[in-house]
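Below: the structure, in C-alpha coordinates.
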Amino acid sequence: MRAVTWHAARDIRVDEVDDPRIVDPTDAVVRVTSTAICGSDLHLLDVFGPVMHRGDILGHEAMGVVEAVGSDVERVAVGDRVIVPFVISCGACSMCRRGLNTQCETTRNVDQGTGAKLYGYTELYGRVMGGQAEALRVLLADANLRVVGRDLPDERYLFLTDVAPTAWQAVEYAGLESGDTVAVVGLGPVGQMAARIARHRGHRVLGVDPVEERRLMAERYGVETLDYAGHEEAVDGLLSATVGAGPDAVIDAVGTEAHGSPGAALLQNVVGSLPKGLAKGMLMKAGVDRLSALNLSIDGVRRGGRLSVVGVYGGNADPMPMMTIFDKQLTVRFGQANVQRWLDDLVPLAEADDDPLGFADFATHRAPLTEAAAMYDLFKEKREGCVKVVLKP
(Lines give C-alpha, C1' and ligand atoms only; values in the text may rest on other atoms or scores of the structure.)
Protein backbone atom coordinates (compact mmCIF):
# COMPACT_ATOMS: atom_id res chain seq x y z
CA MET A 1 0.00 0.00 0.00
CA ARG A 2 0.97 3.66 -0.17
CA ALA A 3 1.76 5.53 3.04
CA VAL A 4 3.32 8.80 4.22
CA THR A 5 6.70 7.94 5.73
CA TRP A 6 9.37 9.79 7.70
CA HIS A 7 12.93 9.60 6.37
CA ALA A 8 14.86 12.39 8.11
CA ALA A 9 14.36 15.84 9.56
CA ARG A 10 12.12 17.76 7.14
CA ASP A 11 12.06 14.80 4.73
CA ILE A 12 8.80 12.91 4.34
CA ARG A 13 7.71 10.86 1.34
CA VAL A 14 4.88 8.71 0.05
CA ASP A 15 6.26 5.16 -0.24
CA GLU A 16 5.07 1.67 -1.06
CA VAL A 17 5.02 -0.30 2.20
CA ASP A 18 3.71 -3.65 3.40
CA ASP A 19 -0.05 -3.91 3.91
CA PRO A 20 -1.13 -4.06 7.57
CA ARG A 21 -2.38 -7.39 8.88
CA ILE A 22 -3.99 -8.89 11.96
CA VAL A 23 -1.25 -9.62 14.52
CA ASP A 24 -3.18 -9.94 17.78
CA PRO A 25 -6.70 -11.39 18.14
CA THR A 26 -7.90 -7.96 19.37
CA ASP A 27 -6.76 -6.18 16.17
CA ALA A 28 -8.73 -4.88 13.22
CA VAL A 29 -7.58 -3.63 9.82
CA VAL A 30 -9.30 -0.50 8.50
CA ARG A 31 -9.27 0.65 4.89
CA VAL A 32 -8.69 4.38 5.24
CA THR A 33 -11.14 6.61 3.36
CA SER A 34 -9.98 9.94 4.83
CA THR A 35 -7.02 11.04 6.91
CA ALA A 36 -5.70 14.44 7.96
CA ILE A 37 -2.54 16.34 8.81
CA CYS A 38 -2.46 17.60 12.40
CA GLY A 39 -0.51 20.54 13.77
CA SER A 40 1.33 18.16 16.07
CA ASP A 41 2.47 16.19 13.00
CA LEU A 42 4.61 19.22 12.15
CA HIS A 43 6.65 18.63 15.32
CA LEU A 44 7.83 15.35 13.80
CA LEU A 45 9.60 17.31 11.07
CA ASP A 46 12.07 18.84 13.52
CA VAL A 47 11.48 18.80 17.30
CA PHE A 48 10.73 15.08 17.60
CA GLY A 49 13.05 13.96 14.81
CA PRO A 50 15.47 12.34 17.29
CA VAL A 51 12.78 9.85 18.37
CA MET A 52 11.60 9.01 14.84
CA HIS A 53 12.85 6.16 12.65
CA ARG A 54 13.29 6.00 8.89
CA GLY A 55 10.16 4.43 7.40
CA ASP A 56 7.80 5.32 10.27
CA ILE A 57 4.27 5.88 8.93
CA LEU A 58 2.86 9.24 10.02
CA GLY A 59 -0.66 10.30 10.90
CA HIS A 60 -3.07 9.91 13.79
CA GLU A 61 -6.36 11.19 12.33
CA ALA A 62 -8.05 8.56 10.21
CA MET A 63 -11.37 6.92 9.47
CA GLY A 64 -12.59 4.28 7.09
CA VAL A 65 -14.18 0.86 6.71
CA VAL A 66 -13.27 -2.29 8.64
CA GLU A 67 -11.75 -4.88 6.32
CA ALA A 68 -10.66 -7.58 8.81
CA VAL A 69 -11.02 -8.34 12.51
CA GLY A 70 -9.19 -10.61 14.92
CA SER A 71 -10.83 -13.61 16.54
CA ASP A 72 -11.50 -11.78 19.84
CA VAL A 73 -13.13 -8.69 18.32
CA GLU A 74 -16.84 -8.54 19.12
CA ARG A 75 -18.06 -4.92 18.95
CA VAL A 76 -17.09 -4.13 15.36
CA ALA A 77 -17.48 -6.16 12.20
CA VAL A 78 -16.17 -6.22 8.66
CA GLY A 79 -17.94 -3.52 6.66
CA ASP A 80 -18.51 -1.14 9.59
CA ARG A 81 -17.71 2.50 8.97
CA VAL A 82 -15.50 3.69 11.83
CA ILE A 83 -13.42 6.51 13.22
CA VAL A 84 -10.05 5.76 14.83
CA PRO A 85 -9.23 7.82 17.96
CA PHE A 86 -5.54 8.69 17.99
CA VAL A 87 -5.17 7.42 21.57
CA ILE A 88 -4.88 3.64 22.00
CA SER A 89 -6.40 2.58 25.31
CA CYS A 90 -7.93 -0.53 26.85
CA GLY A 91 -11.12 1.08 28.17
CA ALA A 92 -11.06 -1.05 31.33
CA CYS A 93 -8.10 -0.08 33.55
CA SER A 94 -8.39 2.39 36.44
CA MET A 95 -7.10 5.28 34.29
CA CYS A 96 -9.55 4.57 31.46
CA ARG A 97 -12.42 4.31 33.95
CA ARG A 98 -11.44 7.79 35.19
CA GLY A 99 -11.68 9.07 31.62
CA LEU A 100 -7.90 9.43 31.37
CA ASN A 101 -7.41 7.30 28.27
CA THR A 102 -4.05 8.91 27.55
CA GLN A 103 -2.76 7.42 30.80
CA CYS A 104 -4.03 3.89 30.05
CA GLU A 105 -2.24 1.38 32.27
CA THR A 106 -2.44 -1.31 29.60
CA THR A 107 -0.82 0.63 26.74
CA ARG A 108 1.42 3.00 28.71
CA ASN A 109 4.99 3.14 27.43
CA VAL A 110 6.62 2.34 30.75
CA ASP A 111 10.07 1.95 29.21
CA GLN A 112 9.88 5.53 27.92
CA GLY A 113 8.16 7.00 30.96
CA THR A 114 5.26 8.23 28.83
CA GLY A 115 1.51 7.72 28.56
CA ALA A 116 -0.64 5.59 26.28
CA LYS A 117 0.39 4.48 22.81
CA LEU A 118 -0.50 6.85 19.96
CA TYR A 119 -0.73 6.25 16.22
CA GLY A 120 2.13 7.58 14.14
CA TYR A 121 3.87 9.43 16.95
CA THR A 122 7.47 8.48 17.71
CA GLU A 123 9.13 5.80 19.78
CA LEU A 124 8.11 7.73 22.91
CA TYR A 125 4.52 6.63 22.28
CA GLY A 126 5.02 3.08 21.09
CA ARG A 127 6.18 3.56 17.50
CA VAL A 128 2.77 2.42 16.23
CA MET A 129 2.36 2.91 12.48
CA GLY A 130 0.03 5.76 11.63
CA GLY A 131 -3.04 6.42 9.52
CA GLN A 132 -1.78 8.57 6.63
CA ALA A 133 -1.96 5.45 4.51
CA GLU A 134 -4.33 3.35 2.47
CA ALA A 135 -4.94 1.02 5.44
CA LEU A 136 -4.27 0.90 9.17
CA ARG A 137 -3.84 -1.83 11.75
CA VAL A 138 -5.99 -0.84 14.76
CA LEU A 139 -4.98 -2.14 18.18
CA LEU A 140 -7.58 -3.13 20.81
CA ALA A 141 -10.32 -2.57 18.25
CA ASP A 142 -13.28 -3.16 20.55
CA ALA A 143 -12.12 -0.50 23.02
CA ASN A 144 -11.16 2.10 20.45
CA LEU A 145 -13.04 1.97 17.15
CA ARG A 146 -16.26 3.97 17.08
CA VAL A 147 -18.87 2.86 14.56
CA VAL A 148 -20.57 5.80 12.83
CA GLY A 149 -23.40 6.23 10.37
CA ARG A 150 -23.16 5.78 6.62
CA ASP A 151 -25.15 8.76 5.33
CA LEU A 152 -23.00 11.78 6.16
CA PRO A 153 -19.72 12.71 4.44
CA ASP A 154 -16.43 11.68 6.04
CA GLU A 155 -15.66 15.23 7.13
CA ARG A 156 -18.62 15.25 9.48
CA TYR A 157 -16.80 12.49 11.42
CA LEU A 158 -13.08 12.66 10.61
CA PHE A 159 -12.28 15.46 13.05
CA LEU A 160 -13.67 13.40 15.95
CA THR A 161 -10.44 11.39 15.84
CA ASP A 162 -8.41 14.24 17.37
CA VAL A 163 -9.19 17.90 16.66
CA ALA A 164 -12.70 18.11 18.11
CA PRO A 165 -12.02 16.05 21.28
CA THR A 166 -8.77 17.94 21.84
CA ALA A 167 -10.59 21.25 21.52
CA TRP A 168 -13.48 20.04 23.68
CA GLN A 169 -11.06 19.03 26.43
CA ALA A 170 -9.30 22.39 26.11
CA VAL A 171 -12.59 24.17 26.80
CA GLU A 172 -13.45 21.77 29.64
CA TYR A 173 -10.06 22.37 31.24
CA ALA A 174 -10.57 26.13 30.97
CA GLY A 175 -13.32 25.74 33.60
CA LEU A 176 -15.60 28.31 32.02
CA GLU A 177 -18.61 29.64 33.92
CA SER A 178 -21.60 31.61 32.71
CA GLY A 179 -20.53 35.07 31.58
CA ASP A 180 -16.84 34.20 31.27
CA THR A 181 -14.58 35.41 28.49
CA VAL A 182 -11.98 33.04 27.10
CA ALA A 183 -9.03 33.85 24.86
CA VAL A 184 -7.71 31.28 22.40
CA VAL A 185 -4.06 31.78 21.51
CA GLY A 186 -3.42 30.29 18.10
CA LEU A 187 -6.18 29.83 15.52
CA GLY A 188 -4.85 26.72 13.84
CA PRO A 189 -7.08 23.62 13.68
CA VAL A 190 -7.44 23.04 17.43
CA GLY A 191 -7.72 26.74 18.21
CA GLN A 192 -10.44 27.20 15.57
CA MET A 193 -12.42 24.30 16.96
CA ALA A 194 -11.94 25.36 20.60
CA ALA A 195 -13.20 28.83 19.71
CA ARG A 196 -16.28 27.35 17.98
CA ILE A 197 -17.01 25.09 20.95
CA ALA A 198 -16.71 27.94 23.45
CA ARG A 199 -19.01 30.11 21.31
CA HIS A 200 -21.45 27.19 20.99
CA ARG A 201 -21.56 27.10 24.79
CA GLY A 202 -22.40 30.80 24.92
CA HIS A 203 -19.07 32.33 25.93
CA ARG A 204 -17.35 35.42 24.60
CA VAL A 205 -14.23 34.33 22.72
CA LEU A 206 -11.13 36.35 21.85
CA GLY A 207 -8.81 34.78 19.26
CA VAL A 208 -5.13 35.72 18.84
CA ASP A 209 -3.21 34.81 15.67
CA PRO A 210 -0.77 36.55 13.31
CA VAL A 211 -2.32 35.05 10.16
CA GLU A 212 -5.15 37.13 8.70
CA GLU A 213 -6.91 34.19 6.97
CA ARG A 214 -7.12 32.33 10.26
CA ARG A 215 -8.55 35.34 12.03
CA LEU A 216 -11.18 35.75 9.30
CA MET A 217 -12.12 32.08 9.55
CA ALA A 218 -12.69 32.44 13.31
CA GLU A 219 -14.67 35.62 12.86
CA ARG A 220 -17.25 33.68 10.82
CA TYR A 221 -18.15 31.92 14.08
CA GLY A 222 -18.47 35.02 16.22
CA VAL A 223 -14.91 35.20 17.55
CA GLU A 224 -13.39 38.62 18.25
CA THR A 225 -9.85 38.46 16.88
CA LEU A 226 -6.54 40.18 17.61
CA ASP A 227 -3.42 40.21 15.46
CA TYR A 228 -0.29 38.87 17.16
CA ALA A 229 2.04 41.74 16.37
CA GLY A 230 4.27 40.95 19.34
CA HIS A 231 4.03 39.89 22.97
CA GLU A 232 3.35 43.29 24.54
CA GLU A 233 0.88 44.30 21.85
CA ALA A 234 -1.05 41.03 22.24
CA VAL A 235 -1.17 41.33 26.03
CA ASP A 236 -2.34 44.94 25.72
CA GLY A 237 -5.02 43.81 23.25
CA LEU A 238 -6.36 41.18 25.67
CA LEU A 239 -6.39 43.69 28.51
CA SER A 240 -8.09 46.37 26.41
CA ALA A 241 -10.79 43.91 25.33
CA THR A 242 -11.56 43.04 28.95
CA VAL A 243 -11.58 46.45 30.67
CA GLY A 244 -8.00 45.99 31.85
CA ALA A 245 -8.55 42.73 33.71
CA GLY A 246 -7.64 40.07 31.18
CA PRO A 247 -9.85 37.16 30.07
CA ASP A 248 -11.10 34.70 32.69
CA ALA A 249 -9.33 31.85 30.94
CA VAL A 250 -6.81 31.41 28.13
CA ILE A 251 -6.37 28.34 25.93
CA ASP A 252 -2.86 27.85 24.53
CA ALA A 253 -3.57 26.03 21.28
CA VAL A 254 -0.12 26.62 19.81
CA GLY A 255 2.58 24.79 21.73
CA THR A 256 6.13 24.57 20.50
CA GLU A 257 5.44 25.96 17.00
CA ALA A 258 4.95 29.48 18.38
CA HIS A 259 6.20 32.61 16.62
CA GLY A 260 8.49 35.10 18.26
CA SER A 261 11.27 32.85 19.60
CA PRO A 262 14.08 32.81 17.01
CA GLY A 263 16.59 31.39 19.49
CA ALA A 264 14.41 28.40 20.28
CA ALA A 265 13.63 27.93 16.59
CA LEU A 266 17.35 27.74 15.86
CA LEU A 267 17.85 25.25 18.69
CA GLN A 268 15.06 23.04 17.33
CA ASN A 269 16.70 22.99 13.90
CA VAL A 270 20.09 22.20 15.43
CA VAL A 271 18.69 19.35 17.54
CA GLY A 272 16.89 17.91 14.51
CA SER A 273 20.16 17.83 12.57
CA LEU A 274 22.37 16.21 15.23
CA PRO A 275 23.26 12.50 15.27
CA LYS A 276 20.32 10.56 16.71
CA GLY A 277 21.95 9.52 20.02
CA LEU A 278 23.11 13.03 20.88
CA ALA A 279 19.91 14.66 19.63
CA LYS A 280 17.66 12.32 21.64
CA GLY A 281 19.56 13.07 24.84
CA MET A 282 19.25 16.78 24.17
CA LEU A 283 15.53 16.52 23.43
CA MET A 284 14.85 14.68 26.69
CA LYS A 285 16.93 17.01 28.88
CA ALA A 286 16.93 20.44 27.24
CA GLY A 287 14.47 23.30 26.96
CA VAL A 288 13.80 23.23 23.22
CA ASP A 289 10.35 24.82 23.08
CA ARG A 290 9.33 28.19 21.75
CA LEU A 291 7.31 29.47 24.70
CA SER A 292 5.90 32.72 23.32
CA ALA A 293 2.31 31.41 23.22
CA LEU A 294 2.51 30.07 26.76
CA ASN A 295 4.09 33.28 28.07
CA LEU A 296 1.39 35.31 26.33
CA SER A 297 -1.26 33.13 27.99
CA ILE A 298 0.31 33.59 31.43
CA ASP A 299 0.69 37.35 31.08
CA GLY A 300 -2.66 37.91 29.39
CA VAL A 301 -5.03 35.99 31.66
CA ARG A 302 -6.65 37.78 34.58
CA ARG A 303 -5.41 37.29 38.12
CA GLY A 304 -6.92 34.17 39.63
CA GLY A 305 -7.65 32.96 36.10
CA ARG A 306 -7.18 29.65 34.37
CA LEU A 307 -4.86 28.36 31.66
CA SER A 308 -5.75 25.37 29.53
CA VAL A 309 -2.66 24.21 27.65
CA VAL A 310 -3.47 21.93 24.74
CA GLY A 311 -0.58 22.85 22.43
CA VAL A 312 2.10 20.15 22.29
CA TYR A 313 5.40 20.90 24.01
CA GLY A 314 8.50 18.75 23.56
CA GLY A 315 11.14 20.10 25.94
CA ASN A 316 11.87 18.60 29.33
CA ALA A 317 13.68 21.56 30.86
CA ASP A 318 11.82 24.62 29.59
CA PRO A 319 12.11 27.80 31.68
CA MET A 320 8.74 28.74 33.17
CA PRO A 321 7.83 32.08 34.82
CA MET A 322 6.99 30.41 38.10
CA MET A 323 6.93 33.65 40.08
CA THR A 324 4.28 35.12 37.77
CA ILE A 325 2.16 31.95 37.87
CA PHE A 326 2.36 31.92 41.67
CA ASP A 327 1.83 35.65 42.12
CA LYS A 328 -1.20 35.72 39.81
CA GLN A 329 -2.60 32.60 41.53
CA LEU A 330 -3.26 30.84 38.26
CA THR A 331 -4.78 27.42 37.74
CA VAL A 332 -3.02 25.56 34.93
CA ARG A 333 -4.10 22.31 33.27
CA PHE A 334 -2.07 20.50 30.64
CA GLY A 335 -2.78 17.27 28.86
CA GLN A 336 -3.08 15.11 25.78
CA ALA A 337 -6.73 14.70 24.76
CA ASN A 338 -8.63 11.75 26.21
CA VAL A 339 -10.50 11.27 22.94
CA GLN A 340 -12.72 8.36 23.93
CA ARG A 341 -14.01 10.28 26.96
CA TRP A 342 -15.55 13.05 24.87
CA LEU A 343 -17.06 11.18 21.92
CA ASP A 344 -20.50 10.79 23.47
CA ASP A 345 -20.68 14.59 23.74
CA LEU A 346 -19.36 15.22 20.24
CA VAL A 347 -20.95 12.61 17.98
CA PRO A 348 -24.46 14.13 18.30
CA LEU A 349 -23.05 17.54 17.37
CA ALA A 350 -21.26 16.07 14.36
CA GLU A 351 -24.49 14.44 13.20
CA ALA A 352 -26.81 17.38 13.92
CA ASP A 353 -28.61 18.79 10.89
CA ASP A 354 -27.36 22.33 11.57
CA ASP A 355 -23.72 21.19 12.06
CA PRO A 356 -23.22 23.69 14.94
CA LEU A 357 -19.43 23.26 15.12
CA GLY A 358 -19.00 23.62 11.38
CA PHE A 359 -17.36 20.28 10.62
CA ALA A 360 -18.38 20.64 6.97
CA ASP A 361 -16.71 24.08 6.94
CA PHE A 362 -13.46 23.06 8.61
CA ALA A 363 -11.02 21.64 6.05
CA THR A 364 -9.41 24.32 3.91
CA HIS A 365 -7.42 22.00 1.65
CA ARG A 366 -8.04 18.53 0.24
CA ALA A 367 -5.54 16.49 -1.73
CA PRO A 368 -4.70 12.93 -2.74
CA LEU A 369 -2.42 11.04 -0.36
CA THR A 370 0.28 11.18 -3.02
CA GLU A 371 0.56 14.97 -2.51
CA ALA A 372 1.18 14.68 1.25
CA ALA A 373 4.70 16.12 1.24
CA ALA A 374 3.57 19.28 -0.57
CA MET A 375 0.61 19.61 1.78
CA TYR A 376 2.90 19.34 4.82
CA ASP A 377 4.97 22.23 3.46
CA LEU A 378 1.88 24.31 2.72
CA PHE A 379 0.49 23.72 6.21
CA LYS A 380 3.79 24.37 7.99
CA GLU A 381 4.36 27.63 6.11
CA LYS A 382 0.72 28.69 6.62
CA ARG A 383 0.38 29.56 2.95
CA GLU A 384 -2.82 29.98 0.92
CA GLY A 385 -4.99 30.21 4.03
CA CYS A 386 -4.13 26.64 4.98
CA VAL A 387 -5.70 25.65 8.32
CA LYS A 388 -6.62 21.97 7.89
CA VAL A 389 -5.59 19.44 5.24
CA VAL A 390 -7.59 16.30 4.46
CA LEU A 391 -5.84 13.57 2.46
CA LYS A 392 -7.67 11.00 0.38
CA PRO A 393 -5.88 7.64 -0.09
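Keep in mind the model is a prediction, meaning the values are calculated, not measured.
The cationic group of R333 lies under 6.0 Å from the six-membered ring centre of Y173 and within 45° of the ring axis, placing it in a cation-pi geometry.
Checked against side-chain contact (heavy atoms from CB on, under 4.5 Å), T331 has the following partners two or more places apart in sequence or in another chain: R306. Listed by chain and number, the residues in a salt bridge (Lys or Arg N to Asp or Glu O under 4.0 Å) with R302 are D248 (sequence neighbours excluded).
Sorted by first and then second residue, the side-chain hydrogen bond (donor to acceptor under 3.5 Å, both in side chains) pairs with a member in residues 155-164 read H60-D162, E155-R366, Y157-E351, D162-T166; sequence neighbours excluded. Sorted by first then second residue, the ring pair (Phe, Tyr, Trp, His ring centres under 6.0 Å) pairs that include residues 131-153, not counting sequence neighbours, number zero.
Heavy-atom contacts from other residues, nucleotides or ligands closer than 6.0 Å to CD of E233 number more than 12. A 6.0 Å sphere centred on CG of D327 holds more than 12 heavy atoms belonging to other residues, nucleotides or ligands. Taking a 6.0 Å sphere around CG of D18, one finds it holds 12 or fewer heavy atoms contributed by other residues, nucleotides or ligands.
Between the side chain of W168 and the backbone N or O of W342 there is no donor-acceptor pair closer than 3.5 Å. Between the side chain of E134 and the main chain of P393, no donor-acceptor pair closer than 3.5 Å is present. Under the 3.5 Å distance criterion, the side-chain polar atoms of D41 are matched with a main-chain donor or acceptor of C38. Of the possible polar contacts, one joining the D355 side chain to the F359 backbone as a donor-acceptor pair under 3.5 Å is found. Without hydrogens or angle criteria, E74 side chain to D142 main chain gives no donor-acceptor distance under 3.5 Å. Looking only at distances, a side-chain donor or acceptor of K328 sits under 3.5 Å from a matching main-chain atom of I298.
One hydrophobic cluster holds both I251 and V339 under the rule that ILVMFWY side chains link at heavy-atom gaps under 4.5 Å. When the side chains of ILVMFWY residues are joined at heavy-atom separations under 4.5 Å, either directly or via intervening members, I325 and V185 end up in a single hydrophobic cluster. Tracing side-chain contacts under 4.5 Å through hydrophobic residues (I, L, V, M, F, W, Y), one never reaches I22 starting from V66; they form parts of separate clusters. Hydrophobic cluster membership differs between V147 and L152, with clusters built from Ile, Leu, Val, Met, Phe, Trp and Tyr side chains linked at under 4.5 angstrom. Linking Ile, Leu, Val, Met, Phe, Trp and Tyr whenever their side-chain heavy atoms come within less than 4.5 Å puts L291 and L330 in one cluster.
We find the CG-CD1 distance between D56 and I12 to be 12.5 Å, quoted to the nearest 0.5 Å. Separating the CG atom in L136 from the OH atom in Y119 is a distance of 5.5 Å, to the nearest 0.5 Å. The OG1 atom of T181 lies 10.5 Å from the CG atom of L238; values are rounded to the nearest 0.5 Å. With rounding to the nearest 0.5 angstrom, the CG atom of L357 is 5.0 Å from the CG atom of L349. The CZ atom of R214 sits 7.0 Å away from atom SG of C386, with the distance rounded to the nearest 0.5 Å. Atom CE of M63 and atom OG1 of T35 lie 11.0 Å apart (nearest 0.5 Å).
Annotation for A116 and I88: closest pair CB-O, 3.6 Å, computed over non-hydrogen atoms. The two residues Q103 and M95 come nearest to each other via the heavy atoms O-CG, 3.1 Å. Here the closest heavy-atom approach between residue A198 and residue V171 is recorded as N-CG2, 4.2 Å. Pairing each heavy atom of R196 with each of M217, the nearest pair is NH2-CE, 3.4 Å. Nearest heavy atom pair, residue Q340 against residue V87, reads NE2-O, 2.9 Å. In terms of heavy-atom proximity, L140 sits nearest to S89 at CD1-O, 3.7 Å.
The aromatic rings of F334 and Y313 stand perpendicular to each other, their planes meeting at an angle above 60°, with 30° marking the opposite boundary.
Between R31 and D19 there is no salt bridge, since no side-chain N of the basic residue sits under 4.0 Å from a carboxylate O of the acidic one. Between E213 and R383 there is no salt bridge, since no side-chain N of the basic residue sits under 4.0 Å from a carboxylate O of the acidic one. A salt bridge does not link D27 to R21: none of the charged side-chain nitrogens sits closer than 4.0 Å to a carboxylate oxygen.
Results of the side-chain contact (heavy atoms from CB on, under 4.5 Å) test with Y121 over R127, Q336, H43 single out H43 as the only residue that passes.
The closest side-chain heavy-atom distance from L391 to I37 is below 4.5 Å. Side chains of L58 and M52 form a contact here, defined as non-hydrogen atoms less than 4.5 Å apart. Residues Y228 and R215 are not in side-chain contact: their nearest non-hydrogen atoms beyond the backbone lie 4.5 Å or more apart. Side chains of D24 and R137 form a contact here, defined as non-hydrogen atoms less than 4.5 Å apart. Looking at heavy atoms from C-beta onward, V309 lies in side-chain contact with L294 at the 4.5 angstrom threshold. Side-chain contact between V208 and L206 is absent, with no heavy-atom pair separated by less than 4.5 Å. Residues V32 and L369 fail the side-chain proximity criterion, which asks for heavy atoms closer than 4.5 Å. Considering only heavy atoms from C-beta on, L124 stays 4.5 Å or farther from N109 through its side chain.
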Which is it for V51 and Q112 under the side-chain contact (heavy atoms from CB on, under 4.5 Å) test, yes or no, and what are the steps along the way? CA-CA 11 Å; V51 287; Q112 300 287 344; over 6 Å; no
Any chance you could lay out the side-chain contact (heavy atoms from CB on, under 4.5 Å) test for L343 and I83, step after step, and finish with the verdict? CA-CA 11 Å; L343 288 180; I83 59 172; 4.2 Å; yes
Test K382 against E212 for salt bridge (charged side-chain N to carboxylate O under 4.0 Å, His left out), laying out the working first. CA-CA 10 Å; K382 302 177 178 66; E212 182 180 13; over 6 Å; no
Any chance you could lay out the side-chain hydrogen bond (donor to acceptor under 3.5 Å, both in side chains) test for S297 and D252, step after step, and finish with the verdict? CA-CA 7 Å; S297 302; D252 172 0; 4.8 Å; no
Going through the distances and angles, do K388 and E61 end up as a salt bridge (charged side-chain N to carboxylate O under 4.0 Å, His left out)? CA-CA 12 Å; K388 190 62 177 177; E61 301 181 29; 3.0 Å; yes
Between D344 and R146, does a side-chain contact (heavy atoms from CB on, under 4.5 Å) hold up when you go through it step by step? CA-CA 10 Å; D344 286 345; R146 178 76 176 237; 3.1 Å; yes
Test side-chain contact (heavy atoms from CB on, under 4.5 Å) on Q169 and N338 and set out the steps. CA-CA 8 Å; Q169 180 170 298; N338 303 296; 3.1 Å; yes
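T5 and D15 share a side-chain donor-acceptor pair at under 3.5 Å. For the 3.5 Å distance criterion, the side chains of H231 and D299 qualify, holding a donor opposite an acceptor.
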Got a list of side-chain donor-acceptor pairs under 3.5 Å for residues 371-379, not counting sequence neighbours?
{"residue": "Y376", "atom": "OH", "partner": "Q132", "partner atom": "OE1", "Å": "2.9"}
{"residue": "Y376", "atom": "OH", "partner": "Q132", "partner atom": "NE2", "Å": "3.2"}

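Other residues sharing a hydrophobic cluster with M129 under the 4.5 Å side-chain heavy-atom criterion for ILVMFWY residues are M1, V17, I57.
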